[in-house]
Amino acid sequence: MAARVVSPSKKLFKSLCNGKFFSTRPLNSSSPSSSSISINLTTEKPEQQPPIDLHQLTNTASLNLHDVEKLFSSVPTTKLLRASANLQMAAMEPMVDFGMWVMNSKLMDIEVFKEIVLGFVKHTFYEHFCAGEDALATGETVRRLHNGGAGLRTMLDYAVEYAGDNQSCDRNLEVFLRTVEIAKSLPPSSVSFVIVKISAICPLKLLERVSDLLRWQHKNPSFNLAWKMDTLPILSDISPTYHTLKEPEPLTLEEEHDLQLGHQRLLKICQNCLESNIPLMIDAEHTSVQPAIDYLTYSSAIMYNKDDNILVYGTIQAYLKDAKERLLQAYQAADEMGVPVGIKLVRGAYMSSERKLASSLGFESPIHNSIQETHTCYNDCASFMLNKIANGPGALVLATHNIESGRIAVGQAHDLGIGKVNQKLEFAQLYGMSDALSFGLRNAGFQVSKYMPFGPVEIAMSYLLRRAEENRGLLSTSNLDWQLMRNELKRRLKAAIF
């Protein structure tokens, strides 16, 4: 099928990039307190942070993080104690380093040693950051969050990392389809999304090959890709293309067949989600495979996103220098095609590996040079999307652990008249992290989801190790949650005594 890519007009695109259509609300109004709780995405070692002044957490009336009794009212004391202990351990870099060394060492080949380590992980970090090993345990966790007083929704994520062949992809497909069934069986609205990683249902090497060809076509528009379907713009003029320095070989007939299989797996999940009335979220991954992921995501969105029913959501990683341009291009093209867009906005999750790859090839990192540039990009993209969904089609998931970004978005949503409990806007944080922000946003009346991985401990270990490595800065600054939890525990102790 010949590809149809709708490009935005250059005049409009220039206006968008210059900020003409962004909110006039200040986006960089970081106070000293907000900088101390930001996610550190641009330094290998987190900077030393000043103490957090909890009295400055009430700057916005609708996002109150100061009233710890109200924040943690739905959390039992035993769970609060365990969560506080786990966060404190996770924030200790030597422990993270030692844990990663152990998990990657030959000691794990010793069965007894492996059982001891996995047992420790299961009853500490796994139980804190993952929902459970099977459908039953996961369902109980979802119900507890939604109906047990917390009022939080769930993004269900089978915690598999990637697949190398079609057999693995088929096995993963069956689990994703069962995940949709799990979501369907749970209380209405308790599950906000089913999460899928494209690299789990399409072989990783094939995604790299497809991404190479898409990058080469971006460099040379006359380069023909006969297999390419209708899509939205995938790359911008500043997108990293150093992965593809010479013209790639065309896909073989076997590779084309495997690509078709990968797309069919995605469409099968889409169809099941449609029939179950549960939106599908596609995660972002490495830049080496992201073009292929966006291609499959946008192609599916064109097929399934209709009017106000947005089934397929893509993900933009704001720590990438080309994030805003790619978002603007995709949104404008979709608007011209009459396709509503669903976007999850994140800061990013592959900083270390992205920098290493670019450096090894002799190129500049695709990630912003400073944390403030990342914050600005995130807030700009959020502002653009909030303006768009307030006045037209589209939907936005703001996945953030950054208090200032949450505060700004809440203020802008209020200014734009976007209803708090509104299907067009959802906030999200990782399960086991930034609970204070989640509860604060919930108390302010917004829909809030927790990104909740599940699966056997052995499967989830790769996810946990990746999160530990990539979120070093975030874990080190999670002392906000720990500090607030500690204050609530002190309050409960005093109340019990007096």
Side-chain angles (χ1 to χ4, degrees), residues 118 121-122 125-127 129-143 145 153-187 190-207 258-285 289 292-293 296-297 300 304 311-315 344 349 428 430-432 449-467:
L118 291 181
V121 171
K122 179 178 180 179
F125 301 116
Y126 175 85
E127 290 184 355
F129 294 111
C130 298
E133 294 195 69
D134 54 30
L136 180 61
T138 301
E140 290 176 355
T141 305
V142 172
R143 289 187 181 92
L145 274 183
R153 283 149 53 96
T154 300
M155 298 176 170
L156 280 182
D157 170 45
Y158 175 52
V160 66
E161 286 295 281
Y162 63 87
D165 53 49
N166 282 318
Q167 290 74 25
S168 299
C169 290
D170 287 336
R171 286 195 297 270
N172 292 335
L173 171 64
E174 292 305 312
V175 180
F176 286 125
L177 294 176
R178 286 201 298 273
T179 303
V180 177
E181 290 301 311
I182 293 171
K184 184 179 178 181
S185 69
L186 291 169
S190 62
V191 176
S192 53
F193 294 91
V194 166
I195 305 289
V196 166
K197 289 188 70 172
I198 297 294
S199 62
I201 57 172
C202 189
L204 189 64
K205 290 295 183 182
L206 178 59
L207 292 175
D258 288 348
L259 178 60
Q260 186 178 23
L261 287 178
H263 189 233
Q264 287 174 353
R265 293 185 190 102
L266 178 57
L267 294 183
K268 188 168 185 178
I269 298 171
C270 289
Q271 187 61 36
N272 280 34
C273 284
L274 179 65
E275 294 169 359
S276 301
N277 195 31
I278 298 170
L280 177 66
M281 179 78 70
I282 308 298
D283 264 348
E285 302 186 43
V289 295
I293 291 169
L296 290 169
T297 300
S300 302
Y304 280 94
L311 183 79
V312 181
Y313 286 63
T315 301
K344 179 178 71 170
L430 292 173
Y431 180 65
S449 285
K450 291 302 239 183
Y451 184 103
M452 186 178 287
F454 73 93
V457 178
E458 291 85 350
I459 294 285
M461 279 309 306
S462 296
Y463 166 85
L464 290 171
L465 287 172
R466 178 168 64 83
R467 287 298 184 192

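Note that the structure is predicted; figures quoted are calculated from it, not measured.
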message = Counting C-beta onward and ignoring hydrogens, is there a side-chain heavy-atom pair between Met452 and Leu145 closer than 4.5 Å?
response = yes

request  = Look only at the side chain of Thr315 and the backbone of Ile282, and say whether a donor-acceptor pair between them is shorter than 3.5 Å.
outcome  = yes

query = Is it true that a side-chain atom of Tyr451 and a backbone atom of Ile195 form a donor plus acceptor pair closer than 3.5 Å?
reply = no

ask   = Which value, rounded to the nearest 0.5 Å, describes the distance between His263 atom NE2 and Ile198 atom CD1?
value = 8.5 Å

task = Indicate yes or no: at least one non-hydrogen side-chain atom of Arg143 is less than 4.5 angstrom from one of Pro187.
result = yes

query = What are the two closest heavy atoms between Leu207 and Ala292, and how far apart are they?
reply = O-CB, 3.5 Å

message = Any heavy-atom pair between the side chains of Leu266 and Leu280 that's under 4.5 Å?
response = yes

inquiry  = Side chains of Ile278 and Leu156, heavy atoms from C-beta outward: is any pair under 4.5 Å?
reply    = no

ask   = For Asn277, does the CG atom sit with more than 12 other heavy atoms under 6.0 Å from it, leaving out its own atoms?
value = no

Residue pair Val191 / Val142: nearest heavy atoms and the distance that separates them = CG2-CG1, 4.1 Å

inquiry  = How close do Phe454 and Thr138 get, counting heavy atoms only, and between which atoms?
reply    = CB-OG1, 3.4 Å

remark   = dist Cys202:SG -> Lys197:NZ (nearest 0.5 Å) comes out at 13.5 Å

task = Examine distances only and state if a side-chain atom of Tyr126 and a backbone atom of Ala131 form a donor-acceptor pair shorter than 3.5 Å.
result = no

message = If you define the side chain from C-beta out and look only at heavy atoms, does anything of Leu261 sit under 4.5 Å from Asp258?
response = yes

ask   = Can you list every salt bridge (charged side-chain N to carboxylate O under 4.0 Å, His left out) pair that touches residues 264-280, not counting sequence neighbours?
value = Asp170-Arg265

task = Write down the atom of Lys122, the atom of Glu127, and the distance for their closest heavy-atom approach.
result = O-CG, 2.7 Å

key: All salt bridge (Lys or Arg N to Asp or Glu O under 4.0 Å) counterparts of Asp134, not counting sequence neighbours   = none

request  = For Val175, check side-chain contact (heavy atoms from CB on, under 4.5 Å) against everything at least two apart and list the hits.
outcome  = Tyr158, Arg178, Thr179

query = Distance-only, no hydrogens or angles: does the Ser192 side chain make a donor-acceptor pair with backbone N or O of Thr154 under 3.5 Å?
reply = yes

key: N/O donor-acceptor pair under 3.5 Å between Ser199 side chain and Tyr162 backbone   = no

request  = May I ask you to check whether Tyr431 and Asp157 show a side-chain donor-acceptor distance below 3.5 Å?
outcome  = no

ask   = Given side chains that start at C-beta, do those of Ile269 and Ile201 come closer than 4.5 Å, heavy atoms only?
value = yes

